Structures are given as structure tokens and as C-alpha cells.
Amino acid sequence: MPDSAPSAAKTPRVRFAPSPTGFLHVGSARTFIFNWLYARHNHGTMVLRLDDTDLERNTEASVQSIFEGLRWLGLDWDEEYKQSSRLDLHRRQAEAIFAKGLAYRDFTPAHAGDDNQSSAQGAWLFNPGMREMSREESDRRAASGEPFALRYRVPRDQGRNLSFTDGVYGEQSKPADEVEDFALLRSDSFPTYHLASCADDADLGITHIIRGQDHLTNTFKHLLIFEGLGVQPPQFAHLPLLVAPDGAKLSKRKHGAVVSVTTYRDAGFLPQAFVNFLCLLGWSPKDDREFLSLDELTAAFTLEGVNRANAVINFTDADPFDPKAVWLNAEHIRALPVDELAPLLGPFFSRGGFETTPEKVLAVTPLIRERIKLLRDAVSAADFFFLPQLAPYDPAELIPQKGDAAMALRVLQHALEVLPAINFDHDSLDQALRAAASHMGLKAGQAFQPIRVAVCGRKNAPPLFETMAVLGRDVCLARIRQAEASLQSLAV
RNA sequence: GUCCCCGUCGUCUAGCCCGGCCUAGGACACCGCCCUUUCACGGCGAUAACACGGGUUCAAAUCCCGUCGGGGACGCCA
């Protein structure tokens, strides 16, 4: 087993430890990203550890979906572990703590229902009669097969104070006697999260634990476990929570698919844009930069830049994505070279049922790059390039501003005369159609609109000449003829 | 209930530690104007915040106290 000790060198070892009980959600993704950034910024090691000690709730599907999400983010890790295959270590460690007298057996039957007794009437500290039970009686009852949980014997006499310096929240301390005798082993002998997590962190030589602020108060228990293990506790840094617009912690149950990383991927977010966005939630480079590449993020990332207040991630039923995330995505799309963007667009067209070729998509990409915010927008922005037959549209759309059907008809008929004779490239089309406009005494805008609608099937479209060049002469002529016909039927 | 954390434009944030340069900066969104063959991009501009109340100080977003508000943790879940 890689018992790789932290070694004398001070290179940090950080870990991301998701529990596979659902899809990878955005809060977890951000925790992963911050750990990754910290590791890479400091030339340290990134450890991925599946905290899968909850047999009832773990599923293989969820393991897959977490890996899927992580892979999409495009951030790597250096070592990988699974808690479920390290149970022996956990039990040994619990045993060691027990042997030191720092834990005791609790024979109180496990709570059946989910109604907990501690919430209403103050803090529960331990079950009477168990903490003080003699070792002889404890051994005897254990030997007779009576089930028990192993609890930490939290020091509560000498006015101990537990304290640590959080990398984000600063000095934290709490009297030890306010901490309850938390469980280390359950009565089925499986380790609890607290034990498994700390035992692994100690064994894996984790130097910095960067995790959500919901663990801030749990840290005091973890301090005790590290002490029981006889090791120096790692550095802690807690991240402000990501919260929903209503202020509550993001949850899979309450908020559904909008908190799943794959939802962003499927909608056509670029992983680098998504990472960029998540970084801006609770962290800032403090120099007004917002559009940052992965390298820039890595270079700029420090724990000092992390905020303490929770960050709202905006979404509604109608619009599941935070407008700033969408904006950043559009920025990253525009920053991408055409030959890198085009292959990313292809799958969205295929999924939309369009027949495409990589060459055609490549030709279309520069025309829509500035017009899409999500990759999936490409489909609606460029459908007419791939449609063999334009969807029916209102012929009235063909009529230009301050014009009438007759004017539109004239423009189209003139185009039909001019187009067969010229080259179908941008400059030739530009020249020919502008000349046609002035010949008819029309403004360029007036003359182009009927053609644009005829060729694209709608008013809003990419620039006309480039579009026609990509479409090709045959398609353009056919569509203009069709428009001419529909206009004539309108006039009747 | 107990303990802990947080509180600058609607949202993400800079400034706070080391008071004065803050008539509080940037960004998104929204609105307006410009550019322009439509849309988009781009440019310019407008609206918009120091939770509240007390101190300390010549001076407070920045320091102290309190109030209120929000969040989190209190499991043989993680």
C-alpha cells in the first residue's frame, strides 16, 4: 500500500474526498478545483479519495457520475484511493485509540428513528453509564457479543481548549467539554466518517485539508482524533458555502439538476469557463481580472484570496444558469480558435439531428462564434446551414423596413439575375449585391433583408455575404426562388 | 435550544488586517447612446451598496460594543 509519508519536503498534499451518494455537484466541484489549484500552485500532490463508507447510500452509478464530472473539468489528480478498501486501517487506528484509553465502548442501542433527541434540549454530550463503565465490564459485555459503538472519550475535566488556525477563517477555538463523545466505530464495526477521514488523512500524509465551511465545527473533533492517533494535525482551510438564491445551502435534493456538473456540460459550457466561474464564487485575484485561463488561475490562487461570506449562485426555474457563468462562457468561446471550437460544436448538431460534416461545421463556426453563449446555442444559430429544407416562415418577414412586398419582390428577382453570374465568395457577393442595391435606388439594409430572410429563413442571422458563401450558389438560388414564390402568393 | 461563521450595488466582488488618497472601484444583469446590411461583437454612458444603533477619533466601509438579519454544525450520514 502506498504508505507514502509526507516526507521531509514541505510540498503540500491535498485531497478531494467526495462521497458517492449522487452526481458531482457544483459545490463539490468548486472544492475540488480549489484543492487542485492549491496543489498545482504550490507544486504539491492532488489526492482523490472516494469516501464510500456509507454502504447504504453509495452506488456504482454515482461513482461513475463523479468521475464523469471530474474528467469533464479536465483537472487531473496524482493518486487515487477508496476508503472502502482501507477498512482494516481504520479499525486498527480505532483500536489504537481505544488501547490508549481515549475511547470507550457504548452499548446503548443505536437510534432507530430519525428523530434526534439532541436538537431541542441543548447539547447532548454522552450516554450516561457508558463513559464511566469499568474496563472489566466493558470487556465482558463485548466478549458476550453485545453490540457497541466506539466513542471518543472527549476530555471534559481540565478545562481543555481546542484550537487551530484556519487558512480562511483565522483563529478558531472551543472548550473541549462542549464537544460530544462522537462515534469512531458504529455498532456494525464500520468506521464513521470522522474516523475514516482522519485516519486516511493521517495515513496518506495529507498536509492541507481544504473543504466546505460546513465542516468548520467538525474540525474540533478531527483535532481530537489526530491527537488520539498521535500525529500532528494538518492545516485546515474552510471554504465559504455556495448557496441557492434563497440563501440556503445548495442541495441535490432541494435544487435538483441545476446543481449537477453534468447539467452545465450538457448545456454547452466549456470546462475552462465553468472552472473560471466557480473560482470567482468565494475567491478573487483582487486585481479586477475576471476572465482567467487555468494557468492564470493557478498562478493567482492563494488561500488569502478566499472570502468568508457565502456566495449565491443564481438560477431560476426558467433560467437554470447564473448569468455571469453564461457571460464567462461566451467570453471563453470567443477566445477559442475556430479549429478548436468547431469540433466541440459537432456533437451538438448531431444530437439535434442534423447531418453535418466536420468541414461544414468548420466553415460555419466563425459565423456563429460571436453569437452563441452556450455551445448548444450553435444549433439554433446555424440550423439553416444544415437544413435541406427551410422551416416555413411568414413571407411578410421578407419585406424590408420602409418597404413593401413589391420592393422585396424586385430585390429577389434582381438577385436571381445577378447571382448566377458571379463568384460565390465574400468580396464578389459584397460587390454585386451592393451594386444591385444602388442600381435599384435602395439602401443596403433594405436590399439585403429580403435576401437574408430568403436564404436563412429569418431576420436575425450572421452577416449575409459570408453566409451565402458558405451556403453556396445552388442552395441560395433555390431558397430565393422559393421566397419569390411565397411573396407572389402573398401579393395575390 | 446550544455553539460557530458571515453581513459593501439585485448578484459576484475590490477596499477592511496597517482608519484619511472612498463624493466606495471593477464585473454580470438591466436601461440608453454609438458602430453597423439584421443579429451579435465592440465602444461609451446611466441607475444601483458600506444591515442598523451606539461609541473611540480631528477623521470610520475600515477599530470597539450592542442589535437585527442570514447561514452552518450539533447522528452508530458524509
Side-chain angles (χ1 to χ4, degrees), chain A residues 17-21 51-54 56-58 83 106 108-111 114 116-124 147-151 166 168-170 172-175 178-180 182-194 196-197 212-221 238 240-241 243 245 247-249 277 280-291 307-314 322-328 330 334 367-373 381 400-401 430 433-434 437 443-449 451-453 456 458-465:
Chain A
S19 57
T21 56
D51 278 9
D52 54 351
T53 53
D54 185 356
E56 274 98 77
R57 294 199 300 155
N58 293 331
Q83 270 194 334
D106 183 346
T108 311
H111 270 284
D114 45 0
N116 49 10
Q117 84 284 48
S118 64
S119 55
Q121 51 267 54
W124 166 92
F148 61 86
L150 194 69
R151 288 187 185 282
D166 190 88
V168 171
Y169 289 92
Q172 302 293 318
S173 80
K174 182 175 196 167
E178 284 179 16
V179 178
E180 76 277 10
F182 55 94
L184 262 19
L185 292 180
R186 312 180 200 158
S187 50
D188 60 7
S189 91
F190 276 87
T192 62
Y193 159 76
H194 298 301
S197 176
Q213 196 236 41
D214 47 351
H215 281 298
L216 191 60
T217 47
N218 282 154
T219 305
F220 297 106
K221 294 172 196 162
H238 290 87
L241 264 21
V243 299
K249 183 167 117 169
F277 169 66
L280 262 20
L281 256 23
W283 173 82
S284 155
K286 304 202 184 293
D287 58 9
D288 287 347
R289 281 183 298 166
E290 304 218 301
F291 177 89
N307 293 123
R308 281 181 281 272
N310 291 167
V312 173
I313 173 163
N314 265 313
D322 192 301
K324 193 147 193 172
V326 173
W327 169 73
L328 269 172
R334 277 175 229 129
L367 301 187
I368 59 173
R369 185 173 47 174
E370 257 103 69
R371 274 161 263 266
I372 60 176
K373 295 179 191 297
Q401 285 285 305
D430 188 332
L433 292 177
R434 275 186 206 284
K443 286 193 191 162
Q446 286 180 307
F448 298 164
Q449 157 133 349
I451 303 175
R452 175 179 299 110
V453 173
C456 302
R458 58 163 175 260
K459 283 178 180 170
N460 298 344
L464 187 57
F465 313 135

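Bear in mind the structure is a predicted one, so any value in this text is a computation, not a measurement.
- Using a 4.0 Å heavy-atom distance criterion, K249(A) is classed as a sugar-phosphate-only contact.
- Toward the 5′ end of RNA chain B lies the nearest nucleotide of D214(A), the other residue of the pair N218(A) and D214(A) mapping further downstream.
- Remark: G69(B) base-pairs with C6(B); criterion is Watson-Crick or G-U wobble with both hydrogen-bond distances under 3.5 Å.
- Heavy atoms only, all atoms of each residue included: P463(A) and R371(A) are closest at CD-NH2, 3.3 Å.
- Across the protein-nucleic acid pair, Y169(A) atom OH and C5(B) atom P stand 10 Å apart, rounded to whole Å.
- In this structure, G212(A) reaches neither bases nor backbone, as no heavy-atom distance under 4.0 Å exists between it and the strands shown.
- Taking atom C1' in both G55(B) and G72(B), one finds a spacing of 31 Å when rounded to whole Å.
- Residue R308(A) has a polar side-chain atom (N or O) positioned under 4.0 Å from OP1 or OP2 of C6(B).
- C63(B) is paired with G55(B) under the criterion used here, namely a Watson-Crick or G-U wobble arrangement in which both key atom distances are under 3.5 Å.
- Among the heavy atoms of the strands, none lies under 4.0 Å from H238(A).
- Distance check on atom P: G20(B) versus A59(B) gives 15 Å, rounded to whole Å.
- Nucleic acid contact for L184(A): none, since no nucleic acid atom lies under 4.0 Å from a heavy atom of the residue.
- Within 6.0 Å of atom NZ in K373(A), 12 or fewer heavy atoms from other residues, nucleotides or ligands are found, so the atom counts as exposed in its surroundings.
- Smallest separation of non-hydrogen atoms from P462(A) and I368(A): CG-CG2, 4.4 Å.
- In this structure, L281(A) reaches the sugar-phosphate backbone alone: every heavy-atom distance under 4.0 Å involves primed, P, OP1 or OP2 atoms, never a base.
- If you take CD1 of I372(A) and P of C39(B), they are 19 Å apart, rounded to a whole angstrom.
- Side-chain proximity of N460(A) to C39(B), U11(B), C5(B): nearest is C39(B).
- The side chain of Y193(A) has A78(B) as its nearest neighbour among A78(B), C76(B), G72(B).
- For U13(B), one of the phosphate oxygens OP1 or OP2 lies less than 4.0 angstrom from a side-chain nitrogen or oxygen of N307(A).
- Contact check for W327(A) versus E290(A): side-chain heavy atoms found under the 4.5 Å cut-off.
- A461(A) and C456(A) get closest at one heavy-atom pair: CB-SG, 3.7 Å.
- Regarding F291(A), its CZ atom lies at a distance of 22 Å from the P atom of C12(B), rounded to whole Å.
- No hydrogens or angles were tested; on distance alone, a donor-acceptor pair under 3.5 Å links the side chain of R57(A) to the base of C77(B).
- A search for side-chain contact (heavy atoms from CB on, under 4.5 Å) contacts involving T219(A) returns F164(A), R211(A), F236(A), H238(A), not counting sequence neighbours.
- Counting non-hydrogen atoms under 4.0 angstrom, P462(A) reaches a base of the nucleic acid.
- The CD atom of E180(A) sits 6 Å away from the C1' atom of C74(B) (whole-angstrom rounding).
- Which of C76(B), A78(B), G71(B) sits closest to the side chain of W124(A) comes down to C76(B).
- Look at the C1' atom in both C9(B) and A61(B): the space between them is 14 Å, to the nearest Å.
- Using N1 to N3 plus N6-O4 or O6-N4 for Watson-Crick, or N1-O2 and O6-N3 for G-U wobble, each under 3.5 Å, C74(B) pairs with G1(B).
- For the pair K221(A) and R186(A), nearest-nucleotide mapping onto RNA chain B gives the more 5' position to K221(A).
- C22(B): no Watson-Crick or G-U partner with both key distances under 3.5 Å is found in any strand.
- Checking A78(B), C76(B), U38(B) against every side-chain atom of A461(A), the shortest atom distance belongs to U38(B).
- Among the heavy atoms of the strands lying under 4.0 Å from K286(A) are primed sugar atoms or P, OP1, OP2 only; no base atom is included.
- Minimum interatomic distance between L241(A) and K249(A) (heavy atoms only, all atoms of both residues): CD2-CD, 4.2 Å.
- Proximity note for R434(A) (side chain, C-beta onward) versus U37(B), A73(B), G15(B): the nearest is U37(B).
- Spacing between atom CD of E370(A) and atom C1' of U38(B) amounts to 16 Å, rounded to whole angstrom units.
- For the C1' atom pair drawn from G70(B) and A51(B), the interatomic distance equals 11 Å after rounding to whole Å.
- Using a 4.0 Å heavy-atom criterion, one finds that P463(A) contacts the bases of the nucleic acid, with or without backbone contacts as well.
- Taking only side-chain nitrogens and oxygens, K174(A) never comes nearer than 4.0 Å to OP1 or OP2 of A73(B).
- Between C39(B) and R458(A), no contact under 4.0 Å exists linking OP1 or OP2 to a side-chain N or O.
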Exercise for the section: For each nucleotide in nucleotides 27-32 of chain B, reading 5' to 3', give B when a protein heavy atom comes within less than 4.0 Å of its base, S when such contact involves only the sugar-phosphate, and - otherwise. Expected result: BSS---
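- Using a 4.0 Å heavy-atom cutoff across all strands shown, P109(A) reaches at least one base atom of the nucleic acid.
- Atom pair R452(A):CZ and U37(B):C1' shows a separation of 5 Å (rounding to whole Å applied).
- By the 4.0 Å N-to-carboxylate-O rule, E180(A) lies close enough to K221(A) to be salt-bridged with it.
- Straight-line distance between the P atoms of A40(B) and C34(B): roughly 15 Å, to the nearest whole Å.
- Nucleotides G7(B) and U11(B), compared at atom C1', are 15 Å apart to the nearest Å.
- Atom C1' of C16(B) sits at a distance of 10 Å from the matching atom of A60(B), rounded to the whole Å.
- With both ends at atom P, the span from C41(B) to G54(B) equals 47 Å, rounded to whole Å.
- For L216(A) and G71(B), the CG to C1' distance is 12 Å, given to the nearest whole Å.
- Nearest nucleotide to the side chain of L280(A), out of U37(B), G71(B), C12(B): C12(B).
- Here C4(B) is the nucleotide among G15(B), C77(B), C4(B) with the atom lying nearest to any side-chain atom of T217(A).
- At the phosphate of A78(B), OP1 or OP2 sits under 4.0 Å from a side-chain N or O atom of T53(A).
- Every residue two or more places apart in sequence or in another chain was checked for a ring-ring contact (aromatic ring centres under 6.0 Å, His included) with F277(A), and none qualifies.
- A donor-acceptor contact under 3.5 Å links the side chain of R371(A) to the base of C39(B).
- In K174(A), the NZ atom is crowded: over 12 heavy atoms of neighbouring residues, nucleotides or ligands sit closer than 6.0 Å.
- The nearest whole Å value for the distance from the CD atom in Q446(A) to the C1' atom in U38(B) is 13 Å.
- Under the Watson-Crick or G-U wobble criterion, with both distances below 3.5 Å, A27(B) is paired with U11(B).
- Listed here is the closest heavy atom pair of Q446(A) and P400(A): O-CB, 3.4 Å.
- Using the six-membered ring where Trp is involved, Y193(A) and H215(A) have ring planes that are parallel, under 30° apart on the 30 and 60° scheme.
- At a cut-off of 3.5 angstrom, the base of C76(B) holds at least one donor-acceptor pair with the side chain of S187(A).
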